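Here's the structure we're looking at; comments come further down.
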Protein chains: 2
Amino acid sequence: MNNVFKALADPHRRELLDLLYKENGQTLGDLCKCMSMSRQGVAKHLALLEVAQLVVVVWQGREKLHYLNPVPIQQIHDRWIGKFEGERLQALDTLRKALDDQNDA
Amino acid sequence: MNNVFKALADPHRRELLDLLYKENGQTLGDLCKCMSMSRQGVAKHLALLEVAQLVVVVWQGREKLHYLNPVPIQQIHDRWIGKFEGERLQALDTLRKALDDQNDA
DNA sequence: TCATTATGCAACCATATGGTTGCATGTCAA
DNA sequence: TTGACATGCAACCATATGGTTGCATAATGA
């Protein structure tokens with residue numbers, strides 16, 4: 001779970017996920033064409049995405065195909081975001097009251 | 001948006017959000033009691049959460065009350081996670097097929 | 001076979017990050 | 001007023017992070 005949050009923290013890595021979202025199963029070379037960074041730089045980012053299992057790779061000959069794995073994102077939603085979503089309106093209400101109190105004082 | 005992702009990347013900061021989820025409107029001192037870290041360490045983490053607007057502060061005399069703001073989390077869900085959710089089943093299917101092809105070869 | 005292509009591995013570097021300590025400031029209460 | 005309490009600010013340090021370069025390895029195709 002922590003690996004997923006950390007992997008999502010970098011904008012370049014989110015960009016890579018976007019690229020795979022647009023076209024799944026791209027090679028490292030494909031992805032490099034869209035990123036202004038050395039191949040090794042891109043490879044490092046992809047490695048972190050793999051560790052977080054946000055990306056799954058399939059070898060085909062000498063080519064490494066990268067596929068999006070939506071499961072970790074779903075888990076973050078279910079186990080983490082969902083929790084805050086449920087209490088969202090209440091939290092907003094508490095916050096408004098606190099700000100009102102501050103203005104009164 | 002990037003600030004939010006970055007703020008969520010650290011487990012201590014997610015812990016702070018959890019603490020505020022359990023009890024909203026805590027002071028820095030309150031939060032420090034639950035964290036095994038110096039007060040200044042906690043304050044630094046809270047500062048990042050404030051920048052990301054995940055936490056909103058209200059001054060009351062010499063006390064700084066911290067409140068959860070659920071809006072950024074909701075935005076991440078709507079603008080980012082929701083996108084991948086829609087194509088989730090398709091992405092999983094594509095992934096399975098790719099893995100099958102690999103096994104065949 | 002051999003040049004080319006796709007990728008991996010390792011060293012290296014600059015900067016960001018997460019933590020500490022020490023001291024300063026502002027508020028409360030006796 | 002004064003001491004105690006809640007917090008802020010700044011310097012400092014170790015390590016993590018994001019990037020590079022150079023070289024190694026493996027598959028493809030002429």
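In what follows, chains are A, B, ... by sequence order, proteins preceding strands, each numbered from 1. Note that the structure is predicted; figures quoted are calculated from it, not measured.
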Exercise for the section: Answer with yes or no whether A:R62 presents, from its side chain, a donor or acceptor under 3.5 Å of a partner atom in the base of C:dT5. Expected result: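 Indeed, a donor on one side and an acceptor on the other fall under 3.5 Å apart.
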Above 12 or not: heavy atoms from other molecules or residues under 6.0 Å from [atom1] of [X]?
X	atom1	answer
B:K97	NZ	no
B:E15	CD	yes
A:Q60	CD	no

Given 3.5 Å as the limit, does a donor-acceptor pair link the side chain of [X] with the main chain of [Y], or not?
X	Y	result
A:R14	A:L8	yes
A:D30	A:T27	yes
B:R13	B:A7	yes

Handout entry: Pairs where residues 15-55 of chain B contributes a residue and the test ring pair (Phe, Tyr, Trp, His ring centres under 6.0 Å) is met, not counting sequence neighbours
Key =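 Every ring pair (Phe, Tyr, Trp, His ring centres under 6.0 Å) pair that includes a residue of residues 15-55 of chain B, provided the two are not neighbours, is A:F84-B:Y21, B:H12-B:H45.
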Problem - Of residues 49-59 of chain A, the positions that come close to DNA chain C - non-hydrogen atoms, cut-off under 4.0 Å - result: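 A:W59, in order of number.
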Practice task
For A:R96, check side-chain contact (heavy atoms from CB on, under 4.5 Å) against everything at least two apart and list the hits.
Solution key: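 A:R96: side-chain contact (heavy atoms from CB on, under 4.5 Å) contacts with A:L92, A:D93.
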Practice task
Quick one: list whatever passes side-chain contact (heavy atoms from CB on, under 4.5 Å) with A:A9, sequence neighbours left out.
Solution key: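 Partners of A:A9 by the side-chain contact (heavy atoms from CB on, under 4.5 Å) criterion, ordered by chain and then number, come out as B:A9.
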Handout entry: Sole candidate of B:L46, B:L17, B:L68 that passes side-chain contact (heavy atoms from CB on, under 4.5 Å) when paired with B:L54
Key =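 Only match with B:L54 under side-chain contact (heavy atoms from CB on, under 4.5 Å): B:L17.
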Practice task
To the nearest Å, give me how far apart CZ (B:R39) and P (C:dT25) are.
Solution key: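 Value for this atom pair: 15 Å.
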Practice task
Name every residue in residues 14-35 of chain A that has at least one heavy atom under 4.0 Å from any atom of DNA chain D, in order of residue number, or write none if there are no such residues.
Solution key: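 Heavy-atom contacts with DNA chain D come from no residue of residues 14-35 of chain A; none.
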Practice task
Identify, between B:E63 and A:K6, the residue whose nearest nucleotide on DNA chain D lies closer to the 5' end.
Solution key: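 The 5'-side residue here is B:E63.
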Practice task
Please find the earliest and latest nucleotides of DNA chain D, in the 5' to 3' direction, that have an atom within less than 4.0 Å of any heavy atom of chain A.
Solution key: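 Counting from the 5' end, contacts occupy D:dT17 to D:dT28.
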